[in-house]
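Note that the structure is a prediction, hence the values are computed from the model and not measured. Remember, it's 1-based here, ligands and their atoms both numbered in the order they're listed. Residues take their numbers from the sequence shown, with the count starting at 1.
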Amino acid sequence: MTLPDRSALSRRAYVRALVAVGGGAALSACLDVTRDGDDADPVPAGTDDPDSLPARQHAWNEFSARDEDGNVQLPEHHALVPLSLASDAAGDAEGNNGDDGTTAPSEDDRQTTETALRTLERAYEWSHEGLVFTLGYTPAYFDRFEGSLPDSVDLPAPEALTAREDPAFDEFDALLHLASDRPDVVLAAEEGLFGDRNELNGIDLETDLTGVFDRHDDRRRTGFVGAGLPASKTDVPGVPESVPEDAPFLMGFRSGFARTQASEDRVTIDAGPFAGGTTQHVSSMDIQLDVWFGQDNHHQRVSKLFSPTHAADELVGEVGDELADTSGVTDDGIASAEAAAREHGVVGHAQKASRAREDGNPPLLRRDFSTVDGDRPGQHFLALQRGIGEFVRVREAMTGADLDVSSANNGILHYLFVNRRGNYLLPPRSLRALPPTAPNS
Ligand code: HEM
């Protein structure tokens with residue numbers, strides 16, 4: 001894999017590009033840069049006591065930074081690493097055959113996986129300054145087993161969710177999501193699990209995942225979120241110079257406010273053997289960013305992303321700085337979505353999506369991030385919810401097919417092109433290593 005040209009890029013753009021490339025050479029180059037820069041501080045160490053860690057893999061909020069308004073700040077750097085069981089190729093003798101004739105994982109595979117993941121937790125503090133991660137499993141993975149998932153788990157196969165998309169689907173077994181404010185940690189953790197490393201942050205690696213999983217390098221995804229990061233990507237074709245300096249996402253505004261996110265409790269499966277887990281939807285999309293910034297002005301962008309009222313009353317500020325811990329979409333704003341379509345000819349994305357709130361509470365915990373994978377602007381939209389059906393319902397509200405408005409003015413639909421979708425179960429931590437469909441039975 002070719003490394004990016006250091007001389008042509010700012011430090012931040014170079015480091016981001018290294019995370020996107022991945023692998024040992026990218027890690028060495030990243031360590032060279034971070035040793036001299038702002039990231040030179042030691043990475044906080046993890047724990048030898050696994051019981052001190054949360055029971056939920058998705059328990060990130062308490063261990064994340066907050067902004068001055070109390071909103072959780074996602075870690076800045078992300079990698080989504082797609083995995084398939086290596087036993088299919090190796091013909092593992094211990095495995096049982098599932099309904100579809102593929103091989104189920106063995107107890108040895110489970111132990112190796114758990115040991116490798118515990119090494120990550122010993123090496124790095126469970127926090128945005130260290131590393132947080134989840135390992136999720138697709139419906140295709142669970143097809144390896146006889147019998148199906150319990151009714152308490154709502155995990156259908158992914159499908160196209162709008163008339164204007166024809167996505168590919170994540171049909172491999174699992175997805176590892178690694179996140180840290182430190183780009184070198186994201187790279188090193190992946191290298192520790194799949195590369196040629198003997199130690200991570202001073203901790204010896206007892207085992208790795210290479211005998212258990214194969215990586216799908218062609219479907220590896222990376223991204224970033226945080227003020228200033230998008231504006232450092234203008235070296236990428238399709239990312240205009242007009243991305244505001246302080247924007248945390250490529251489309252130019254803050255998102256993920258405390259009061260417009262579901263709590264971790266709200267998205268947690270509350271019954272059955274996978275209680276304490278959650279489901280994850282990941283859709284990857286291209287964004288027509290040059291049109292977004294080139295054809296629309298700030299007023300139009302605010303109308304389409306938030307609502308026409310947000311634009312008329314100047315509620316948002318340049319990048320969302322006027323909004324404290326909420327999107328500012330009120331019950332009145334939700335009720336007036338149809339009127340906005342009729343009277344203004346524009347409906348806001350947040351205004352439409354908020355129609356799916358239940359008793360005023362959003363059902364989705366969004367942990368999405370921007371990307372320039374493939375050298376083009378996009379978003380990896382990652383959302384947690386108790387069941388995938390809830391995601392589908394919110395996505396329908398966001399699509400707003402019921403609203404009488406032109407596609408160009410229907411929120412941000414016109415600018416997004418979904419090219420992949422995947423659904424996952426994130427089991428509780430105790431079941432994260434290759435769970436069967438009916439654990440503890
Ligand atoms: C590039 C893509 C996207 C961008 C830039 C974006 C941006 C935003 C912004 C700025 C808000 C308002 C602030 C906030 O509440 O966080 C918002 C709210 C929201 N968005 Fe998106 N969004 C994107 C894609 C999606 C997708 C694909 C979905 C899928 C359903 C979605 C669902 C939601 C929901 C559920 C809310 C909150 C609604 C509520 O307050 O109840 N967004 N988004």
Side-chain angles (χ1 to χ4, degrees), residues 67 69 71-74 161-162 164-165 167 223 225 230 239 243-244 247-263 266-267 280-289 291-293 296 301-307 310-311 315-331 333-334 337 347-372 376-385 388-400 410-421:
D67 67 13
D69 299 312
N71 301 304
V72 169
Q73 304 286 278
L74 263 192
L161 295 180
T162 66
R164 56 196 289 274
E165 68 184 47
V225 53
V239 180
V243 173
F249 289 94
L250 279 169
M251 287 188 85
F253 293 93
R254 289 164 77 194
S255 180
F257 296 100
R259 287 164 59 197
T260 45
Q261 289 276 47
S263 66
R266 173 65 183 80
V267 303
Q280 171 178 277
H281 177 84
V282 183
S283 32
S284 293
M285 57 198 78
D286 293 338
I287 309 177
Q288 231 182 355
L289 213 57
V291 179
W292 176 246
F293 283 105
D296 288 342
R301 287 195 293 275
V302 170
S303 299
K304 291 180 184 182
L305 198 48
F306 294 90
S307 80
H310 282 72
L315 300 179
V316 170
E318 196 197 354
V319 300
D321 25 310
E322 299 289 323
L323 301 163
D325 60 354
T326 167
S327 67
V329 176
T330 59
D331 289 347
I334 297 170
V347 186
H349 161 73
Q351 181 178 28
K352 278 185 299 170
S354 303
R355 297 183 299 162
R357 290 181 192 167
E358 273 179 4
D359 300 328
N361 298 315
L364 265 49
L365 175 51
R366 291 165 284 134
R367 287 184 172 158
D368 52 321
F369 46 90
S370 294
T371 185
V372 287
R376 46 183 207 272
Q379 191 84 354
H380 296 308
F381 188 84
L382 189 157
L384 306 181
Q385 52 283 310
I388 293 296
E390 293 187 296
F391 178 80
V392 173
R393 190 171 63 77
V394 179
R395 188 58 172 84
E396 274 169 14
M398 170 191 159
T399 302
N410 191 347
I412 51 175
L413 294 187
H414 187 62
Y415 308 88
L416 306 183
F417 299 88
V418 177
N419 41 47
R420 288 204 78 83
R421 289 191 182 279

For atom 37 (C) of ligand 1, what's the nearest protein heavy atom and its distance?
R366 NH2, 3.4 Å
For atom 25 (C) of ligand 1, closest protein heavy-atom neighbour:
F381 CE1, 3.2 Å
Spacing of CG belonging to L416 relative to CD1 belonging to I287, to within rounding of 0.5 Å
6.0 Å
Would F257 count as a contact of ligand 1 if the rule is a heavy atom under 4.0 Å away?
yes
Would L416 count as a contact residue for ligand 1, given that I'm defining contact as a non-hydrogen atom of the residue lying under 4.0 Å from a ligand atom?
yes
Quick note on ligand 1: atoms under 4.0 Å from a heavy atom of P362 include exactly 41 (O)
Is there side-chain contact between V418 and R164, with at least one heavy-atom pair below 4.5 Å?
no
Identify the heavy atoms of D325 and D69 that sit nearest to each other, and give their distance.
CB-O, 3.8 Å
Where do L365 and Q261 land on the side-chain contact (heavy atoms from CB on, under 4.5 Å) test, with the steps shown first?
CA-CA 5 Å; L365 175 51; Q261 289 276 47; 3.9 Å; yes
Restricting to heavy atoms, the pick from Q385, E358, H349 nearest atom 23 (C) of ligand 1 would be H349
To the closest 0.5 Å, what do you measure between OG (S283) and CZ (R420)?
11.5 Å
Quick check on contacts: which atoms of ligand 1 are under 4.0 angstrom from a heavy atom of R357?
39 (C), 40 (O), 41 (O)
What protein heavy atom lies closest to atom 11 (C) of ligand 1? Include the residue and the distance to one decimal.
S255 OG, 3.8 Å
Relative to the heavy atoms of R254, which atoms of ligand 1 are at a distance of less than 4.0 Å?
10 (C)
Could you check whether any side-chain heavy atom of T162 comes within less than 4.5 Å of a side-chain heavy atom of R395, counting everything from C-beta outward?
yes
Sort out for me which residue in H349, K352, K304 forms a side-chain hydrogen bond (donor to acceptor under 3.5 Å, both in side chains) with N410.
K352
Any Lys/Arg nitrogen of D296 or R301 sitting under 4.0 Å from an Asp/Glu carboxylate oxygen of the other?
no
Proximity flag F253 to ligand 1, non-hydrogen atoms under 4.0 Å
no
F249 contact mode with ligand 1 (heavy-atom cut-off under 4.0 Å)
neither
Using a 3.5 Å distance criterion without hydrogens, assess whether the side chain of N71 forms a donor-acceptor pair with backbone atoms of A258.
yes
Looking only at protein heavy atoms, which one is nearest to atom 15 (O) of ligand 1, and what is the separation?
T260 OG1, 2.7 Å
Run the contact test for Y415 against ligand 1 with a 4.0 Å cut-off on heavy atoms, strictly below, and give the result.
no
Ligand 1 atoms nearer than 4.0 angstrom to some heavy atom of I412 are 3 (C), 4 (C), 23 (C)
Atom 5 (C) of ligand 1 [closest protein heavy-atom partner, distance rounded to 0.1 Å]
M251 SD, 3.6 Å
Would you mind running through ligand 1 and noting each atom that sits below 4.0 Å from a heavy atom of A350?
12 (C)
For ligand 1, which atoms, with element, lie under 4.0 Å from some heavy atom of L305?
7 (C), 10 (C)
Nearest neighbour in protein (non-hydrogen) for atom 35 (C) of ligand 1:
V394 CG1, 3.5 Å
Using a 4.0 Å cutoff against the non-hydrogen atoms of G256, which atoms of ligand 1 qualify?
14 (C), 16 (O)
Please verify the inter-ring angle class for H380 with F369; under 30° counts as parallel, over 60° as perpendicular, anything in between as tilted.
perpendicular
With heavy-atom distances below 4.0 Å as the criterion, list the atoms of ligand 1 near M398.
25 (C), 26 (C), 27 (C), 28 (C), 29 (C), 30 (C), 31 (C)
Any idea which protein heavy atom is nearest atom 38 (C) of ligand 1, and the distance to it?
S354 OG, 3.5 Å
Check each of F249, Y415, F253 against W292 using the ring pair (Phe, Tyr, Trp, His ring centres under 6.0 Å) test, and report the only one that passes.
Y415
A quick test of your reading: do over 12 heavy atoms of other residues, nucleotides or ligands sit less than 6.0 Å from CD of E322?
yes
Do R254 and V316 come close enough that some side-chain heavy atom pair is under 4.5 Å?
no
